[in-house]
Asker: 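Would you mind keeping the following structure in view while I ask a few things?
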Amino acid sequence: MKIATWNVNSLAVRLPQLLSWLDTEKPDLVVLQETKLTDDKFPQAELSEAGWHAQWFGQRTYNGVALLSRGQAAEAVMRNIPGFDDEQARLIAGSAAGLRIVGAYFPNGQAPGSDKFAYKMRWLDALREWLREELEEHPKLVLLGDFNIAPADCDVHDPVLWAGQIHCTDEERTHFRALLGLGLHDAFRLFEQPPKLWSWWDYRNLAFRKNQGLRIDHILVSEALKPRVVACRIDKLPRKNERPSDHAPVIVELGG
DNA sequence: ATGGCCGGATCTTCCGGA
């Protein structure tokens with residue numbers, strides 16, 4: 001069973017690449033971020049034609065998330081964090097294949113001290129408190145998506161340059177550790193990994209060619225699922241496409 | 001050559017992203 005997350009940075013632009021990637025990689029469950037599409041524009045027909053069930057939750061210009069599944073449609077689908085009043089479409093959760101899947105596009109935060117940073121902190125508080133309950137109801141849970149947090153200096157191409165910058169602040173990293181404190185595990189770090197492997201590279205400055213990036217897209221698995229994780233990897237290939245997303249997909253493989 | 005982007009909404013120019 002393969003579960004993947006990909007920030008596609010506009011599904012309208014990236015749909016052909018997504019369909020091609022799905023055909024190649026053949027995951028079972030996929031969450032997408034930054035679809036940037038209102039719900040009426042979601043490419044349900046194209047995905048259905050390719051054999052995918054889809055649930056989606058979008059808005060104009062920014063944000064937007066989706067949950068794709070093969071075989072059966074996800075059930076008990078939730079959109080955004082219950083009880084957290086939010087105008088932005090950032091989270092979709094659903095049950096499939098005996099798992100609870102929570103796909104999220106965490107706020108960027110822009111800069112420490114900004115209003116957007118304060119919103120990011122509030123959103124993270126609400127996410128954690130909701131997940132605490134969700135984990136009790138659904139012990140087999142996967143939280144995955146674009147976290148917009150580089151958990152540690154080894155997740156940053158130049159930790160000195162990025163020290164204290166957005167994605168790398170102590171406040172954000174404390175929130176990431178608090179999620180782990182719920183009994184979640186960073187699937188990527190369950191394995192020996194090559195150094196300097198990132199999930200995002202800036203479009204500017206030839207960052208991908210120079211491998212200047214951050215690891216900010218993550219897959220967290222619950223305690224009950226940890227023994228089933230057999231692999232976790234970042235797929236850099238789509239970043240080499242013409243007109244790529246600036247993010248790479250991350251894939252976890254579950255056995256059992 | 002020491003800087004180089006992208007997508008979306010419009011405004012041929014800006015904002016936000018990370």
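These numbers come from a predicted model, not from an experiment. Numbered from 1 within each chain, the chains take letters A, B, ... in sequence-line order.
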Asker: Over how many whole Å does the gap from A/Leu206 atom CG to B/dG3 atom C1' extend?
Answerer: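 Distance, rounded to whole Å: 8 Å.
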Asker: So what does A/Phe106 hit on the nucleic acid, given a heavy-atom distance under 4.0 Å: a base, only sugar-phosphate, or nothing?
Answerer: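 If one applies the 4.0 Å heavy-atom cut-off, A/Phe106 turns out to touch nothing in the nucleic acid.
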Asker: Using the C1' atom as the reference point in each nucleotide, state the distance between B/dT2 and B/dC6 in Å, no decimals.
Answerer: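 Comparing C1' positions in B/dT2 and B/dC6 gives a spacing of 23 Å.
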Asker: Would you classify A/Gln165 as touching base, sugar-phosphate or nothing, given that sugar-phosphate means primed atoms plus P, OP1 and OP2, and contacts are heavy atoms under 4.0 Å?
Answerer: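 If one applies the 4.0 Å heavy-atom cut-off, A/Gln165 turns out to touch nothing in the nucleic acid.
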Asker: Does a donor on one side chain and an acceptor on the other come within less than 3.5 Å for A/His247 and A/Trp201?
Answerer: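 A/Trp201 and A/His247 do not have a side-chain donor-acceptor pair below 3.5 Å.
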Asker: Which value, in whole Å, describes the distance between the P atoms of nucleotides B/dC5 and B/dT10?
Answerer: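 Straight-line distance between the two P atoms is 24 Å.
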Asker: Is the shortest heavy-atom distance from the side chain of A/Ser222 to the side chain of A/Pro139 under 4.5 Å?
Answerer: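 They are not in side-chain contact.
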Asker: Taking the same atom, C1', in B/dA1 and in B/dC11, what whole-Å distance lies between them?
Answerer: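 B/dA1 and B/dC11 have their C1' atoms separated by 33 Å.
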Asker: Go through A/Gln59 and A/Thr38 one step at a time and tell me if the side chain to side chain donor-acceptor pair (under 3.5 Å) criterion holds.
Answerer: CA-CA 4 Å; A/Gln59 65 181 93; A/Thr38 51; over 6 Å; no
Asker: Name the residue closer to the 5' end of DNA chain B, choosing between A/Asn205 and A/Asp146 according to the nucleotide with the nearest heavy atom.
Answerer: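 Its nearest nucleotide being more 5', the pick is A/Asn205.
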Asker: Look at the side chain of A/Ser10 and decide which nucleotide, out of B/dA18, B/dG8, B/dG4, has an atom nearest to it.
Answerer: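 Among B/dA18, B/dG8, B/dG4, the one nearest the side chain of A/Ser10 is B/dG8.
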Asker: Atom CZ of A/Arg239 to atom P of B/dA18: distance rounded to whole Å?
Answerer: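 To the nearest whole Å, that distance equals 12 Å.
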Asker: Using a heavy-atom cut-off of 4.0 Å across all strands, would you classify A/Asp217 as base, sugar-phosphate, or nothing?
Answerer: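 Nothing: the residue A/Asp217, judged by heavy atoms under 4.0 Å, touches no strand.
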Asker: Between atom CD in A/Glu34 and atom P in B/dC15, what is the gap in whole Å?
Answerer: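 After rounding, the gap between these two atoms is 18 Å.
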Asker: Without decimals, in angstroms, what is the distance between A/Asp202 CG and B/dC6 P?
Answerer: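 After rounding, the reported distance stands at 10 Å.
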Asker: Give a yes or no on whether a donor-acceptor pair under 3.5 Å exists between the nucleobase atoms of B/dA18, that is its base, and the side chain of A/Asn108.
Answerer: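 A donor-acceptor contact between them is present.
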Asker: If you check the A/Lys210 side chain, which of B/dG8, B/dG4, B/dG17 turns out closest?
Answerer: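 Given the options B/dG8, B/dG4, B/dG17, the side chain of A/Lys210 is closest to B/dG4.
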Asker: If we take the P atom in both B/dG4 and B/dG8, what is their distance in whole Å?
Answerer: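 Each nucleotide's P atom is 23 Å from the other's.
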Asker: How many whole angstroms separate atom CG of A/Leu15 from atom P of B/dG7?
Answerer: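 To the nearest whole Å, that distance equals 14 Å.
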Asker: State which of B/dA18, B/dG16, B/dT10 makes the closest approach to the side chain of A/Arg60.
Answerer: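 The answer is B/dT10, which lies nearest to the side chain.
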Asker: Establish, from distance only, whether the side-chain atoms of A/Tyr105 and A/Asn148 form a donor-acceptor pair under 3.5 Å.
Answerer: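 No, A/Asn148 and A/Tyr105 have no side-chain donor paired with an acceptor closer than 3.5 Å.
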Asker: Provide, to the nearest angstrom, the distance between the CZ atom belonging to A/Phe117 and the P atom belonging to B/dA18.
Answerer: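 Nearest whole value for this atom pair: 15 Å.
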Asker: Ignoring hydrogens and angles, state whether a donor on the side chain of A/Gln33 or A/Asp146 is under 3.5 Å from an acceptor on the partner side chain.
Answerer: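 Side chains of A/Gln33 and A/Asp146: no pair found under 3.5 Å.
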Asker: Within this structure, what is the CG-to-C1' distance between A/Asn9 and B/dC5, rounded to whole angstrom?
Answerer: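 Result: 11 Å.
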Asker: Go through B/dG16, B/dA9, B/dC5 for me and flag the one nearest to the A/Thr61 side chain.
Answerer: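 The listed nucleotide nearest to A/Thr61's side chain is B/dA9.
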Asker: 5'-most contact on DNA chain B: A/Arg14 or A/Leu214, nearest heavy atom basis?
Answerer: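 Looking at the nearest nucleotide for each, A/Arg14 comes out on the 5' side.
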Asker: Can you check the A/Arg243 CZ to B/dC6 C1' distance for me, whole Å?
Answerer: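 Nearest whole value for this atom pair: 9 Å.
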Asker: Side chains of A/Asn9 and A/Lys36: do they bring a donor and an acceptor to under 3.5 Å?
Answerer: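 A/Asn9 vs A/Lys36: donor-acceptor pair found between side chains.
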